[in-house]
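All values below come from the heavy atoms of this structure, side chains included, with hydrogens, waters and symmetry mates left out.
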Amino acid sequence: MIKAVRGTRDILPPDSALFQFVEAQAREVFRLYNFQEVRTPIFEDTQLFSRSVGEETDIVGKEMFTWEDKARAQSEKAQSLTLRPENTAGVVRAYIEHGLGDKGQLQKLYYMGPQFRRERPQKGRYRQFYQIGAEVIGPASAGSESPARDAEVIEMLAMLLDRVGIKGWTLLLNSVGCANDRGKYNEALRAALKDVVGQMCADCQRRAETNPLRVLDCKVPEDQPTIEKLPKISEYLDEPCRENFAEVKKILDAVGVKYELNERMVRGLDYYTRTTFEFTHGGLGAQSALLGGGRYDGLSEMLGGPKAPGIGFALGLDRFVLALQSEASGAQVQSAVSAYIAPLGAGMNAAAAKLARELRAQGVALELGDESFRLKKSFEAAERTGAKFVVIVGENEVKADTFAVKDIKSGEQKTIPRSELAKTLGGR
RNA sequence: GCGGAUAUAGUUCAGCGGUAGAACACCGGUCUGUGGCACCGGCUGUCGUGGGUUCGAAUCCCACUAUCCGCCCCA
């Protein structure tokens with residue numbers, strides 16, 4: 001048997017309805033905040049990711065699905081291609097390629113779709129996973145650099161979580177400063193670690209060399225006191241970054257979105273600057289991050305584009321669904337059809353089909369049975385579809401042009417003329 | 001990439017060297033136009049894959065693969 005490959009999966013009903021639900025809520029929230037959809041390719045030039053996400057990150061270093069696309073003609077060049085591991089790089093590439101900033105206005109773009117990373121699969125972690133994300137990007141003159149945009153994006157996410165019905169979330173907030181601050185902070189960290197790293201865990205000893213920021217992410221209890229004493233990023237922010245962050249917090253306070261400052265929240269993509277954030281949830285096991293994002297001033301320039309500061313986020317759709325399912329209350333998906341048409345007796349399929357067509361045209365969602373079923377079987381089949389009513393189409397009904405409509409739950413049955421059926425069944 | 005656990009019917013699982021089972025689910029009948037109950041009957045498997053040990057392997061051994069839980073990383 002051929003099976004879905006490692007880390008990929010089929011999303012079947014009824015779970016697929018939950019995915020649709022979250023997607024629909026997201027589209028509605030995006031509409032309220034004036035975001036429009038962008039769809040970028042699922043694979044891109046490998047360099048797009050190595051230059052934006054960062055050559056030294058885990059994502060680029062070991063998790064990408066990359067292949068060499070061979071030249072098939074003299075005029076073609078061989079090219080290294082990669083399945084997108086995230087979508088911000090693709091959106092910024094499209095922004096540059098189509099000159100979206102040329103008219104001077106702010107771009108507010110959202111996307112939904114699969115992303116690919118070659119990690120070991122686990123609960124809430126797949127090799128093909130689904131993200132919904134958005135970016136606010138544009139020339140600085142359009143206000144793209146304003147802390148008001150950071151706060152608006154974060155507030156929008158709180159709104160989305162509320163609408164979807166996910167309750168037990170925590171917002172972690174930090175500022176990692178601009179490129180300049182980060183350099184100084186990294187040096188300071190290295191210097192401070194030099195003396196104490198000997199007593200820390202093996203992972204931290206490695207991190208101290210490769211990426212000192214990651215030490216802050218360590219979860220080994222014995223290391224915590226040491227980490228507490230390390231220099232803090234907030235002490236290394238320059239004045240503009242400090243003011244920017246203060247303004248973000250001020251607005252969040254004003255709109256009543258609660259957050260926890262977490263100076264140790266370090267994100268794994270190199271392009272982040274200033275504001276970074278993460279929403280976490282307890283029902284997700286080891287993969288506690290529901291969504292994450294931050295500002296990426298400088299990313300456009302890294303990709304050869306104009307100056308175009310921006311802020312964005314990506315949320316894990318798979319994890320949203322897991323969180324919904326872990327909060328038993330939330331995951332209510334209503335039944336799809338309102339009625340089940342039960343043709344009764346030989347020759348009734350045609351009459352039932354005609355009636356079903358009329359009713360569906362009037363907006364009634366229907367399931368259609370078969371004339372070979374006995375009534376008993378039709379009722380059972382109707383119940384399984386979740387339909388509210390069964391409409392019996394037998395010889396008597398067709399002759400009289402009135403139909404027996406039975407409420408499945410109460411057992412109550414009425415005779416309804418054809419002209420009023422749609423209304424009874426909840427159509428137009 | 002590292003550590004641990006698991007893999008038998010559609011599902012949950014039992015069987016732990018001697019003819020592959022239970023429950024639930026599903027299908028049919030009792031019951032040809034009014035179900036959900038009850039009773040009766042029935043179906044379903046390369047026992048994850050490949051090797052090995054043995055007269056004989058679902059069972060013991062080895063390798064592989066997949067899933068789950070951690071680590072790592074991130075959404």
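- The stretch residues 394-406 of chain A touches RNA chain B through A:Gly394, A:Glu395, A:Asn396, A:Glu397, A:Lys406, each having a heavy atom under 4.0 angstrom from the strand.
- When only modelled atom types and interatomic distance are considered, A:Gln413 and A:Asp407 share no side-chain donor-acceptor pair under 3.5 Å.
- A:Arg374 comes within 4.0 angstrom of the backbone, heavy atoms only, and of no base.
- Among the heavy atoms of the strands, none lies under 4.0 Å from A:Glu86.
- Within 4.0 Å (heavy atoms only), A:Leu375 reaches at least one base atom of the nucleic acid.
- As judged by a 4.0 angstrom heavy-atom cut-off over every strand, A:Glu119 is placed among the base-contacting residues.
- Pairs of Watson-Crick or G-U wobble type, with distances under 3.5 Å, assemble into runs of 3 or more in RNA chain B at these ranges: B:1-7 with B:65-71, B:10-13 with B:21-24, B:26-30 with B:38-42, B:48-52 with B:60-64.
- Once rounded to the nearest 0.5 Å, the distance linking SG of A:Cys241 with CZ of A:Arg182 reads 10.0 Å.
- Across all strands shown, A:Gly61 has no heavy atoms under 4.0 Å from either base or sugar-phosphate atoms.
- The distance from atom CZ of A:Arg319 to atom CG of A:Leu324, rounded to the nearest 0.5 Å, is 15.0 Å.
- A:Lys376 comes within contact range of at least one nucleobase, with a heavy-atom separation under 4.0 Å.
- Contacts of A:Gly345 with the nucleic acid, taken as non-hydrogen atoms under 4.0 Å apart, are absent.
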